[in-house]
Amino acid sequence: KAGVTQTPRYLIKTRGQQVTLSCSPISGHRSVSWYQQTPGQGLQFLFEYFSETQRNKGNFPGRFSGRQFSNSRSEMNVSTLELGDSALYLCASSLAGGQSEQYFGPGTRLTVT
Amino acid sequence: AQKVTQAQTEISVVEKEDVTLDCVYETRDTTYYLFWYKQPPSGELVFLIRRNSFDEQNEISGRYSWNFQKSTSSFNFTITASQVVDSAVYFCALITGANSKLTFGKGITLSVRP
């Protein structure tokens, strides 16, 4: 079975721009969660989608948004980029969310200049 | 609110040594799940184990073993006969209730020298 895939793997953007990251979960998995990893804050939960609905949300500003499609693929969007948004963005998929094991993709490294 | 503390930040051992990574958690929920993940230099988080709050049995998987003690709110991870390939950052994490939000510790960087 193929693992979680994320595209692109690397991105360089300028302050003020917006960016869209993509995540394809493991086949059969219906829950997709997004995490931000930075050296200062560590790993922080952004949000979770299940069956095209946002089910949980972390403490991030409204500039961070996401969506999930009927095939469970998910996208994450960050608008009006700030330097502090530079991070590794990780996507995780699980069968049903909740306490299920979450399997992570390789991440997208976003650099904001 | 829940919290995971990994007090050790960096550990360096010589190959074949045993090493224990500590994890202490805080939660008021009686139902929760604990996890360990490994993050090699490639960046991908690799799932290692999940343990629920009602199962205090220790678990062994090859060179890996986990010790869960509710009395001390700890879920420690031991690698026996460490190998260079074990070099990575190891994260302990917690989920409470029915939500999917993993609360992670800060991670422990393990370096295994040949």
[X], [atom1] atom: more than 12 neighbouring heavy atoms under 6.0 Å:
X	atom1	result
A:N59	CG	no
B:R63	CZ	yes
B:I60	CD1	no
A:Y10	OH	no
B:K70	NZ	yes

Value rounded to 0.5 Å, distance of CD in A:Q99 from CG in B:L94: 11.5 Å
Spatial distance of atom CZ (A:R55) from atom OG (B:S100) [nearest 0.5 Å]: 4.5 Å
In this structure, would [X] and [Y] fall into the same cluster of hydrophobic residues linked by side-chain contacts under 4.5 Å?
X	Y	result
A:M76	A:F60	yes
B:Y90	B:V24	no
A:Y49	A:F64	yes
A:V19	A:W34	yes
A:L21	A:L88	no

Derivation of the side-chain contact (heavy atoms from CB on, under 4.5 Å) call for A:Y35 and B:F104: CA-CA 10 Å; A:Y35 293 83; B:F104 285 90; 3.8 Å; yes
Where on [X] is there a heavy atom nearer than 4.5 Å to chain B: the side chain, the backbone, both, or neither?
X	value
A:E101	both
A:L43	both
A:S100	backbone
A:F47	neither

Nearest non-hydrogen partners of B:K106 and A:Q41, listed with the distance: NZ-O, 3.5 Å
Greatest number of heavy atom pairs closer than 4.5 Å to chain B - which of A:K57, A:Q37, A:Q6, A:R109: A:Q37
B:F91 portion near chain A, given a 4.5 angstrom heavy-atom threshold: side chain
Interchain contact, B:K101 with chain A, by part (heavy-atom threshold 4.5 Å): both
Output field: ring centroids B:F47/A:F104 closer than 6.0 Å: no
Heavy-atom check, side chain of A:Q102 versus side chain of B:Y37, under 4.5 Å: yes
Any side-chain heavy-atom pair of B:L102 and A:E48 under 4.5 Å: no
A:Y103 side-chain N/O to B:L45 backbone N/O, donor-acceptor pair under 3.5 Å: no
